[in-house]
Amino acid sequence: MTFSEATAEPATSARLTVLSGPSGVGKGSVVERLRAHYPQVWLSVSATTRRPRPGEIDGVHYHFVDDAEFDRMVAAGEMLEWAEYAGNRYGTPRRPVLERLARGLPALLEIDLQGARQVRAAMPDTLLVFLAPPSWEELERRLVGRGTEDAQTIQRRLELARTELAAEPEFDVTIVNHSIEQATEELVRLIGSLARTPVKH
Ligand code: 5GP
């Protein structure tokens, strides 16, 4: 089944899909590939207090906000979930996701493990997808090799990644990230087939 075949059908049971997994596993790269090759896949844009990395665009990759604005969004109940991760806060604005689902259309979040758990608690029909590295050594190599963070940040992320790897059994589906292309295609197939799969209650 191709993606276009899957989406040609009415989305009678649109669902929320959460892509999560350890830091450095390639969630960001999968999402980048989705943006480039599968613009039909609707992705939530998170709010974050982290500073933009080179090339990141406000409103596209994240909504870059300051602490006060993040506080305001949380206090106003505007976040579907939020978490602190490696010293910064990240959250999913609730309204765009709920509007999307209300229109019968699928939605995808790429968030950390703490966020994935919150979404599952709030919306139990959510499909949780775990992106796994081919091996721990490979994950370590990717985390250290990214070159965008200082040594302390890398160390914090390695510790987090060890904890996050242990969470795999909490997820509905695992995709092993052998390559960005293969992992992205598996994810797209999964989202596409969800349009046909009745939601369990
Ligand atoms: P990065 O700073 O590398 O873009 O993201 C760091 C971590 O934050 C990643 O694991 C990413 O999945 C997670 N993240 C991004 N947006 C959100 C969000 O809205 N909520 C939560 N809980 N985590 C997020």
Side-chain angles (χ1 to χ4, degrees), residues 16-35 41-67 69-74 76-98 100-101 107-123 126-133 139-140 142-150 152-168 170-171 174-175 177 180 183-184 187:
L16 185 56
T17 303
V18 166
L19 178 69
S20 195
S23 175
V25 75
K27 301 192 294 287
S29 304
V30 167
V31 159
E32 270 310 299
R33 191 170 171 85
L34 271 178
R35 282 203 180 94
V41 175
W42 187 90
L43 259 166
S44 164
V45 180
S46 299
T48 184
T49 59
R50 168 168 82 58
R51 299 239 183 91
R53 294 192 185 118
E56 286 183 332
I57 301 162
D58 188 34
V60 175
H61 298 94
Y62 283 105
H63 300 291
F64 294 100
V65 300
D66 60 17
D67 276 316
E69 174 62 3
F70 201 97
D71 286 343
R72 191 202 61 73
M73 292 177 85
V74 171
E78 291 178 15
M79 295 300 197
L80 176 60
E81 60 74 36
W82 70 273
E84 190 166 326
Y85 184 96
N88 295 298
R89 287 184 293 168
Y90 299 82
T92 304
R94 181 193 304 275
R95 219 172 87 185
V97 175
L98 295 189
R100 182 84 192 157
L101 295 175
L108 176 66
L109 312 185
E110 183 260 294
I111 59 177
D112 87 321
L113 180 61
Q114 307 165 71
R117 289 185 178 125
Q118 290 175 48
V119 173
R120 167 161 272 177
M123 303 172 78
T126 303
L127 185 85
L128 294 196
V129 181
F130 191 84
L131 190 64
L139 179 62
E140 201 170 15
R142 289 182 195 172
L143 277 172
V144 173
R146 184 146 66 178
T148 52
E149 324 287 349
D150 60 33
Q152 205 192 346
T153 305
I154 288 173
Q155 196 49 45
R156 272 209 307 258
R157 286 189 174 211
L158 278 173
E159 284 162 23
L160 276 167
R162 272 191 205 97
T163 319
E164 288 174 327
L165 264 185
E168 185 184 341
E170 295 172 40
F171 283 71
T174 294
I175 293 176
N177 187 11
I180 300 302
T184 307
L187 180 64

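In listed order, ligands and their atoms are each counted from 1.
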Glu140 side chain vs Leu158 backbone, donor-acceptor pair below 3.5 Å:
no
Would Leu80 and Leu109 count as a side chain to side chain contact (heavy atoms under 4.5 Å, CB included) if you check the C-alpha gap in whole Å, the side-chain angles of each, and the deciding distance to 0.1 Å?
CA-CA 11 Å; Leu80 176 60; Leu109 312 185; 4.2 Å; yes
Applying a 4.0 Å heavy-atom criterion (strictly less than), which segment of Glu110 is in contact with ligand 1: side chain, backbone, both, or neither?
both
If we set the cut-off at 4.0 Å for heavy atoms, which region of Arg53 has an atom near ligand 1: side chain, backbone, both, or neither?
side chain
Candidates Pro22, Gly28, Ser46, Ala161; heavy atom nearest atom 16 (N) of ligand 1 found on Ser46
If we ignore angles and hydrogens, is there a donor and acceptor under 3.5 Å between the side chains of Gln152 and Asp150?
no
So does Glu84 get a backbone contact from the side chain of Gln114, meaning a donor-acceptor N/O pair under 3.5 Å?
yes
Would you check whether Trp82 has a nitrogen or oxygen atom less than 3.5 angstrom from a nitrogen or oxygen atom of ligand 1?
no
At a non-hydrogen distance cut-off of under 4.0 Å, which region of Tyr85 contacts ligand 1 (side chain, backbone, both, or neither)?
side chain
Determine the interplanar angle of the Phe171 and Phe130 rings, folded into 0 to 90°, and report it as parallel if under 30°, tilted if 30 to 60°, perpendicular if over 60°.
perpendicular
Residues Leu101, Met123; criterion side chain to side chain contact (heavy atoms under 4.5 Å, CB included); working and verdict
CA-CA 11 Å; Leu101 295 175; Met123 303 172 78; 3.5 Å; yes
The atoms of ligand 1 lying under 4.0 Å from a heavy atom of Glu81, numbered in the order shown, are 18 (C), 19 (O), 20 (N), 21 (C), 22 (N)
Are any of the N/O atoms on Ala47, whether in the backbone or the side chain, positioned under 3.5 angstrom from an N/O atom of ligand 1?
no
At a 4.0 Å threshold, what atoms of ligand 1 neighbour a non-hydrogen atom of Arg50?
1 (P), 2 (O), 4 (O)
Distance under 4.0 Å to a non-hydrogen atom of Gly115: what atoms of ligand 1 satisfy this?
22 (N)
Test your reading of the structure: does Glu56 have an N or O sitting under 3.5 Å from an N or O of ligand 1?
no
Tell me if a side-chain donor or acceptor on Glu78 pairs with a main-chain N or O of Arg95 at a distance below 3.5 Å.
no
Can a donor-acceptor pair be found, under 3.5 Å and without considering hydrogens, that links the side chain of Arg94 to the backbone of Gly77?
yes
Non-hydrogen atoms of Ser23 versus ligand 1: any pair closer than 4.0 Å?
no
For Ala83, atoms of ligand 1 separated by under 4.0 Å from a heavy atom:
22 (N)
